[in-house]
Amino acid sequence: MTIQDTVPTTGPATGEERRPHAPRNDRIRRALDHIRNDSTDEFDGVNGFTAVEFTDPEIARRERDAVFGRVPSIVCHGSEIPKPNDFLTLQMPRNKIIVVRQKDGSVKSFVNLCRHRGALLEEQEKGRCRLFSCGYHRWSYDTDGSLRAITRDNTFGEIDRSKFGLIELPTEERHGFVWVVDDADAEIDVAAWLGPDMDEILGGYGMDTLVSARAEGFDEPVNWKIMQDAFLDGYHIQYAHPNTAAKHIHTNVMAVEDFGRHARFIAPRKTIDKFLEEPPAPDEDLSKYVTETHFLLPNSTLLRQPDHFELLTFRPHPTDPGRCRMEMRLVVPTVEDSGMDSERWNRIWDKNWKILLAVLHQEDFPLLRSSQAGMTSANAGGMVLGRNEYVNQIFHRELKKLTS
Ligand code: FES
Ligand SMILES: [Fe+2]
């Protein structure tokens, strides 16, 4: 959540929402009332949880299958593979995958494995190629997944080549991001998964016209849910980040919208305090005084800043409940749309990026690693999420629905 503490920058606004929901200013005014009253939006109860949820291999397996094997999650921004044959590889909870831009502009994903004897097909994290070619016996595949060539095929014997193409995973590009369901037998419908509210909200931001200016992954010895929880948490700010985020963001103040699966919330910046004495005019645009955060079930936090977005994703490790990979992306207007020259554009996003990295590495990660360490005690006892931890409650409520 410290992620909200970034450098204010200039540039065009990142799209205006079409506002089918509670108007943004109303929600901001609700947050302002909360600051006045020392209150916050509250979930309808407190809920207990246990340490095994973060350490048990069977629960972790269930999450990989019933969550990531069934519902779409974001794997990258489309701008990271802009041209045909651009690809990237990553470890999903169930499969190692290759995500590749097709000649027609669409995106496909495949299991990163040669169908001959199972060698890892593509070793690079990112690149562009006409063919995926296996290092073991040099079979090759088109970027659409079809098996192109079997070496020494006069001696290999007859096989139906159409049955030995790469295994495809359901993939869709929507709202600028590439989404994958991590099971070859599943289907994908991102709009249906987002639901009408969140689909319309994300559609209104025009994120397909933006670019991923910086992206990096971090392998952490922490369960993915502990990580996801920390980046929905408005309660820890002044305690965990007294000299960074807490200087800019109010602690324990949120105006939440629960869409029944996904959610979003307003967190007021301290600059809004000037309206505590003298309330803003009814038509005053308050958007620069807040950060708006979206929780996209199952594993993403999307922060909307005045002039850019930050996307945080948390993916379980394929076997170890005590590990995960976090990815962070800065999604911003292109150099051309920003009206800046590329030198200034780079300087600004570098500065933002360094601040984000410093808070992550120095403040959040150490705390979260020690949370995971704490969870390994055999007699950890019950723990509890409060009413004020509203979006965490939504995350755990929805995860329970998917896994039970
Ligand atoms: S394993 Fe790939 S060509 Fe043999
Ligand atoms: Fe934090």
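In what follows, every heavy atom counts, from backbone to side chain, and hydrogens, waters and symmetry copies are set aside.
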- Could you tell me whether the side chains of T291 and Q305 share a donor-acceptor contact shorter than 3.5 Å? yes

- Does any donor atom in the side chain of N388 or E42 lie under 3.5 Å from an acceptor atom in the other side chain? no

- Neighbour count >12 (heavy atoms, 6.0 Å) for atom NZ, K400: no

- Item | With sequence neighbours excluded, residues passing salt bridge (charged side-chain N to carboxylate O under 4.0 Å, His left out) with E278 | none

- Whether over 12 other heavy atoms sit under 6.0 Å from Y235 OH: no

- Query: Listed by chain and number, what are the side-chain hydrogen bond (donor to acceptor under 3.5 Å, both in side chains) partners of R138, not counting sequence neighbours?
  - Reply: S133

- Query: Does S377 use its side chain to pair, donor to acceptor, with the backbone of A380 at less than 3.5 Å?
  - Reply: no

- Sequence neighbours excluded, which residues qualify as side-chain hydrogen bond (donor to acceptor under 3.5 Å, both in side chains) partners of K354? none

- Query: Is a side-chain N or O of D86 found less than 3.5 angstrom from the main chain of K83, in a donor-acceptor match?
  - Reply: yes

- Trace of the salt bridge (charged side-chain N to carboxylate O under 4.0 Å, His left out) decision for D44 with R387: CA-CA 6 Å; D44 57 15; R387 295 169 64 116; over 6 Å; no

- Between R323 and D219, is there a salt bridge with N-O shorter than 4.0 Å? no

- Query: Taking 4.0 angstrom as the limit, do R62 and E58 come out as a salt bridge?
  - Reply: no

- Item | D364 and H241: side chain donor to acceptor below 3.5 Å | yes

- Query: More than 12 foreign heavy atoms under 6.0 Å from NZ of K126: is that the case here?
  - Reply: yes

- Message: More than 12 heavy atoms of other residues, nucleotides or ligands under 6.0 Å from CG of D38: yes or no?
- Response: no

- Message: Closer than 4.0 angstrom, basic N to acidic O: yes or no for D182 and K96?
- Response: no

- Are the charged groups of R27 and E257 less than 4.0 angstrom apart, N to O? yes

- Message: Whether D33 and R36 form a salt bridge (side-chain N of Lys/Arg under 4.0 Å from carboxylate O of Asp/Glu) is what I want to check.
- Response: yes

- How about K401: does its NZ atom have over 12 heavy atoms from other parts shown lying under 6.0 Å from it? yes

- H250 side chain to D273 side chain, donor-acceptor N/O pair below 3.5 angstrom: yes

